Every structure is written in C-alpha cells, then in structure tokens.
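In what follows, every heavy atom counts, from backbone to side chain, and hydrogens, waters and symmetry copies are set aside. This structure is a prediction, so every number in the text was calculated from the model and none was measured. We count ligands from 1, going down the list as the structure has it; atoms in each ligand are counted the same way.
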Amino acid sequence: MRAVVFDLDGTLVDSVAAIADVGNSLMLELGLAALSVEEARGYIGNGAAKFVERALAARAIDADAAALAHHVERFEEIYGAAPGSANPPFAGAELALTTLKAEGVRIGLCTNKPGIPTANLLAALGWSELFEVVIAGDSLATRKPDPAPLVEAARRLGIEVSAPGFAYVGDSEVDAETAERAGSRFALFTRGYRKQPVAALPHTIAFDDLSALPALLADLAAR
Ligand SMILES: O=C(O)COP(=O)(O)O
Ligand SMILES: [Mg+2]
C-alpha cells in the first residue's frame with residue numbers, strides 16, 4: 001500500500017500573509033509595530049505559541065510565562081475566527097492531492113497549525129474530505145519536530161512511517177527533522193518557508209512544482 005502525509009503552511013497553502021494578518025491583530029491590540037510578511041515567514045514552523053513568542057521578542061517584549069500564555073490564547077482566538085479563504089493554495093496543490101487520491105494513495109495531514117484554523121482552512125478550500133487523517137499542532141501532547149505526530153498519522157493511515165510506500169511532504173527545517181527522527185522518507189517542497197538552503201535540510205527528494213509530485217512519489221515508492 002501507499003500513503004502520503006502533507007504539511008500545510010508553506011507546503012500546500014501560501015498562508016504567510018494570512019498568518020501575518022492574525023499576528024498583526026494581536027500586535028495592534030498590544031500597541032506594537034506591525035509585522036512584515038517577511039518577518040512573519042521567519043516565525044512560522046513551530047506552531048502558534050512559538051510564533052507569538054518570536055513576534056514579541058522581535059519587539060523587545062520580554063513576556064513572562066503567564067503573560068505569554070495569555071497572548072497566545074488571544075492569538076489563537078483571533079486565528080480561529082480568521083477566514084480560511086485567505087489562504088491561497090500553491091499552484092498544483094489540489095491537482096497533486098486529487099491525482100494521488102485517484103491513484104489510490106491514502107492521504108493525511110500533519111501540521112503545527114492549531115486545529116481550528118486548520119479545519120476552517122480545509123473547509124474553505126473544499127479539502128476536508130481529501131484527508132483521511134488530520135493531526136494539528138494541538139491534537140497531541142507533542143508537536144513537530146517531535147516525530148510522534150507523524151508516526152501517529154501514518155499509523156492511522158494503516159502504514160509504517162518507515163515503509164517504502166510512505167512519504168512525508170513538507171517545506172521546513174521542522175518537517176525535515178520530524179521525518180528524519182521518524183525514519184520516514186521526506187519530500188522537500190523548496191518554495192515554502194524554509195530558512196536555510198535546501199542542502200542544509202535532510203531530505204530524500206526535493207521538488208519545486210506540486211503538479212510533478214505524484215510522479216515523483218510513485219518513483220520514490222518503487223525505489
Ligand atoms: O503553524 C506553524 O507554525 C507551521 O504550520 P505547518 O506545520 O503547517 O508548516
Ligand atoms: Mg510548513
């Protein structure tokens with residue numbers, strides 16, 4: 001059998017502007033200068049709490065744990081109310097998903113984005129039924145780069161995370177580390193929110209065109 005699990009932000013959807021908007025609602029409430037899209041891109045990858053922590057640190061706000069937890073809660077409230085439709089899919093994303101589905105490949109999602117904005121986004125794009133398994137940043141006790149969410153996604157799809165027929169598709173250092181620690185094959189999308197050069201991230205294959213992904217993954221599964 002074959003199964004593929006996808007990352008979400010920076011892999012299937014170009015969500016940085018929408019995430020920056022959510023962050024900027026919080027910054028405005030706190031009287032802090034807005035984040036540029038470029039800044040926001042650098043803070044994505046480790047989930048909502050890290051995003052807020054990095055954004056506040058960039059404005060020299062040294063929040064204690066209680067204040068930070070309060071700001072994260074407010075950020076998540078705004079995030080959960082934001083329109084999922086503000087997240088454009090990357091070119092070829094939907095074609096890749098529907099092609100894999102038509103080939104009988106089972107599909108899952110493993111993201112550090114919180115569950116509510118993830119569900120809103122999938123619904124807005126009409127993608128909710130495509131994914132048999134969705135593990136978000138707050139679904140389990142740990143999140144990426146802990147391998148547990150990816151291992152669990154594979155398990156729920158009925159495949160070993162290290163099987164030749166399984167691959168994780170993501171865009172970041174966090175995803176590469178997650179796949180490496182899980183012992184999984186990793187396809188790196190090079191147009192996402194990575195901070196380092198492609199060569200610095202462990203990966204099985206790298207690609208820049210999602211419409212080419214189904215064929216690349218079929219080759220990978222046959223290796
Ligand atoms: O929300 C984040 O920080 C990253 O989300 P992702 O795991 O879908 O890239
Ligand atoms: Mg990502």
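At least one heavy atom of Gly47 sits less than 4.0 Å from an atom of ligand 1. The shell of residues lying under 4.0 angstrom from ligand 1, judged by heavy atoms, excludes Ser172.
Shown in contact with Ile44 at under 4.0 Å from a heavy atom are these atoms of ligand 1, numbered in order with element: 2 (C), 3 (O), 4 (C). Proximity to Asp9 (heavy-atom distance under 4.0 Å) selects the following atoms of ligand 1: 1 (O), 2 (C), 4 (C), 5 (O), 6 (P), 8 (O), 9 (O). Each of the atoms 5 (O), 6 (P), 7 (O), 8 (O) of ligand 1 lies under 4.0 Å from some heavy atom of Thr111.
Asp175 lies apart from the Mg ion (ligand 2) in this respect, since none of its N, O or S atoms is found at a distance under 2.8 Å.
Residue contacts with ligand 1: Leu8 is placed with a nitrogen or oxygen under 3.5 Å of a nitrogen or oxygen of the ligand (distance criterion only).
Rounding to 10 degrees, one finds that the Mg ion (ligand 2) sits at the corner of an angle of 100° between Asp9 O and Asp171 OD1.
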(Q) Let's go through Leu125 and Val13 carefully: what are the C-alpha distance in whole Å and the side-chain angles of both, what is the deciding distance for side-chain contact (heavy atoms from CB on, under 4.5 Å) to 0.1 Å, and is it a yes or a no? (A) CA-CA 10 Å; Leu125 295 178; Val13 294; 3.7 Å; yes
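Protein heavy atom closest to atom 9 (O) of ligand 1, with residue, atom name and distance, is Asp7 OD1, 2.9 Å.
Using bins of under 30°, 30° to 60° and over 60° for the plane-to-plane angle, the ring pair Tyr43/Phe51 lands in the perpendicular bin. Aromatic ring orientation, Phe189 versus Phe207: tilted (interplanar angle from 30° to 60°).
Ionic pairing of Arg59 and Glu39 is present here: one or more N-O contacts between side-chain nitrogen and carboxylate oxygen are shorter than 4.0 angstrom.
Within a 6.0 Å sphere centred on CD of Glu103, other residues, nucleotides and ligands contribute more than 12 heavy atoms. Within 6.0 Å of NZ in Lys50 there are 12 or fewer heavy atoms belonging to other residues, nucleotides or ligands. By the neighbour-count criterion of 12 heavy atoms within 6.0 Å, atom CD of Gln196 is densely surrounded, having more than that number from other residues, nucleotides or ligands.
For Asn46, every heavy-atom contact with ligand 1 shorter than 4.0 Å involves the backbone, none the side chain. At a 4.0 Å heavy-atom cut-off, ligand 1 touches Lys144 through the side chain alone.
Inspection of the Thr178 and Asp175 side chains reveals no N or O donor paired with an N or O acceptor under 3.5 Å.
Closest N/O/S atom of Asp7 to the Mg ion (ligand 2): OD2.
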